[in-house]
Amino acid sequence: MSSTTSSLPTLNLVGAGRVGKTLARLWRQQSTYKVQAVCTRSLESARGAVAHIGGGLAVAELDEMPAADVWLLAVPDAQIAPTGRALAATRGALVPGTALHCSGFLPADTLVALRALGWHLASAHPALSFADPATAERQFAGTVCALEGDPQALQEAERALAAIGGRCFVLDETAKPLYHGAAVFASNFLPVLQAVAAELWQGSGVPPELVATLAAQFLRNAADNVLKLGPAAALTGPAARGDQGVLIAQGAAMAARDDALGEAYRSLSTLAGRLARSGRALPP
């Protein structure tokens with residue numbers, strides 16, 4: 001081990017799904033951290049994560065992990081608080097470190113069990129789709145990252161994310177539900193809308209071999225128009241035209257197909273109508 005490597009801050013990773021593996025691999029590649037130990041639900045998955053990251057020791061239990069400067073808890077939102085409590089119970093007596101989680105919704109204080117032991121806490125949410133780690137690694141540079149938490153932990157999170165190209169800002173914890181909801185609209189709902197369109201086309205007589213072409217054309221053209229013109233100017237369709245006859249009839253057809261589909265069509269049409277009339281989808 002070189003002296004440069006040995007002098008790096010150490011990182012332990014708890015939970016090694018797509019977000020954890022991506023960040024840990026980028027940090028290792030940029031010599032931001034020495035990846036020390038990786039703990040997941042099974043030793044097999046921990047070994048797979050270590051292979052992807054290119055460093056670290058795979059372990060199956062928290063109590064097998066050594067002390068570290070920074071702990072990244074890259075677990076699902078529902079597991080953040082339990083993992084924090086388990087970490088406090090098993091490793092909390094170690095020299096207090098910095099604990100980060102990646103939820104865009106939950107505050108850093110979700111790890112309050114560690115704060116009571118002197119740990120510094122922050123949440124760090126990169127606004128990026130991690131559907132495929134290899135793609136996310138290529139796309140990460142320039143990613144906007146929302147940070148929230150203790151001053152010392154914020155400083156460390158910003159340093160680490162900036163080292164791999166992140167563009168960081170500090171977010172008030174009370175704004176996180178709306179911030180994260182916006183990310184859901186911008187990213188998570190897009191695949192749902194594409195799936196709905198494809199399934200409706202498949203059931204309406206469009207030749208199967210043309211469904212993917214239709215979806216790709218609409219997706220690319222809409223994205224290009226939004227980026228070039230902005231949302232209001234890019235908006236087209238019956239709501240933008242104020243064609244109430246089409247909206248009513250089409251909404252009824254959607255509701256007959258599926259109640260949730262009908263509700264979504266009506267709600268999105270309401271937002272689209274506001275955007276067309278005022279340039280805003282939401283009230284000021």
Taking atom types as modelled, find out whether K176 and S123 have a side-chain donor-acceptor pair closer than 3.5 angstrom.
yes
Looking only at heavy atoms, what is the nearest atom pair of L275 and P231, with distance?
CD2-O, 3.9 Å
State, with a plain yes or no, whether a side-chain heavy atom of L111 is found less than 4.5 Å away from one of L73.
yes
Stepwise side chain to side chain contact (heavy atoms under 4.5 Å, CB included) check, W27 with L72
CA-CA 12 Å; W27 281 330; L72 178 64; 3.9 Å; yes
At what distance, to the nearest 0.5 angstrom, does CG of N188 lie from NE2 of H180?
6.5 Å
Assess whether side chain to side chain contact (heavy atoms under 4.5 Å, CB included) is satisfied between L128 and F140, documenting all intermediate values.
CA-CA 7 Å; L128 178 69; F140 193 88; 3.9 Å; yes
Distance-only donor-acceptor check, side chains H52 and E137, under 3.5 Å:
yes
Taking W71's backbone N and O only, do any of them form a donor-acceptor pair with N12's side chain (distance below 3.5 Å, no angle check)?
no
For the student: nearest non-hydrogen atoms of Q30 and A163, plus distance:
CG-O, 4.0 Å
Examine distances only and state if a side-chain atom of E148 and a backbone atom of A108 form a donor-acceptor pair shorter than 3.5 Å.
yes
Can you name the closest pair of heavy atoms from V50 and A58 and give their distance?
CG2-N, 3.8 Å
With distance as the sole test, does D150 use its side chain to make a donor-acceptor pair with the main-chain N or O of A153 at under 3.5 Å?
no
Apply side-chain hydrogen bond (donor to acceptor under 3.5 Å, both in side chains) to T98 and E156, showing your working.
CA-CA 8 Å; T98 294; E156 178 59 27; over 6 Å; no
Close side-chain approach of V59 and L57, heavy atoms under 4.5 Å:
yes
Worked check of side chain to side chain contact (heavy atoms under 4.5 Å, CB included) between Q139 and T143:
CA-CA 8 Å; Q139 294 175 335; T143 293; 5.7 Å; no
For residues P133 and R25, determine if any side-chain heavy atom of one lies less than 4.5 Å from a side-chain heavy atom of the other.
no
Is there a donor-acceptor contact under 3.5 Å from the side chain of Q79 to the main chain of P76?
no
Does R280 offer a backbone N or O that forms a donor-acceptor pair with the side chain of R274 under 3.5 Å?
no
Non-hydrogen atoms of Y33 and V70 that approach each other most closely
OH-CG2, 3.6 Å
Can you name the nearest heavy-atom pair linking A146 to L171, along with the distance?
CB-CD2, 4.2 Å
Near-ring test F105/H125, centroid separation under 6.0 angstrom:
no
Does E173 CD have over 12 foreign heavy atoms under 6.0 Å away?
yes
Side-chain contact test, heavy atoms from C-beta onward, threshold under 4.5 Å: evaluate it for L11 versus D69 and give yes or no.
no
Do the side chain of T40 and the main chain of A46 share a donor and acceptor less than 3.5 angstrom apart?
yes
Would you say the side chain of R159 lies within less than 4.5 Å of the side chain of T32, judging by non-hydrogen atoms?
yes
Heavy-atom side-chain proximity of D258 to M254 below 4.5 angstrom:
no
Sidechain-backbone polar pair: H101 side chain, P107 backbone, donor-acceptor under 3.5 Å:
yes
Has the side chain of T110 got a donor or acceptor atom that lies under 3.5 Å from a matching backbone atom of L106?
no
If only atom types and distance count, is the side chain of R167 paired as donor or acceptor with the main-chain N or O of C145 below 3.5 Å?
no
Is it the case that the side chain of R28 and the backbone of V35 share a donor-acceptor pair, with hydrogens and angles ignored and the cut-off at 3.5 Å?
no
Verify side chain to side chain contact (heavy atoms under 4.5 Å, CB included) between L161 and L147, making sure each step is shown before the conclusion.
CA-CA 10 Å; L161 290 165; L147 310 180; 3.7 Å; yes
Would you say CD of Q152 has more than 12 non-hydrogen atoms from neighbouring residues, nucleotides or ligands within 6.0 angstrom?
no
When rounded to the nearest 0.5 Å, the distance separating CG of L26 from NZ of K21 is 13.0 Å
For atom CD of E44, decide whether the heavy atoms of other residues, nucleotides or ligands shown that lie under 6.0 angstrom number more than 12.
no
Looking at SG of C39 and CE of M65, how far apart are the two atoms once the value is rounded to the nearest 0.5 Å?
5.5 Å
Under a 3.5 Å cutoff, is there a donor and acceptor pairing between the side chains of T270 and S267?
no
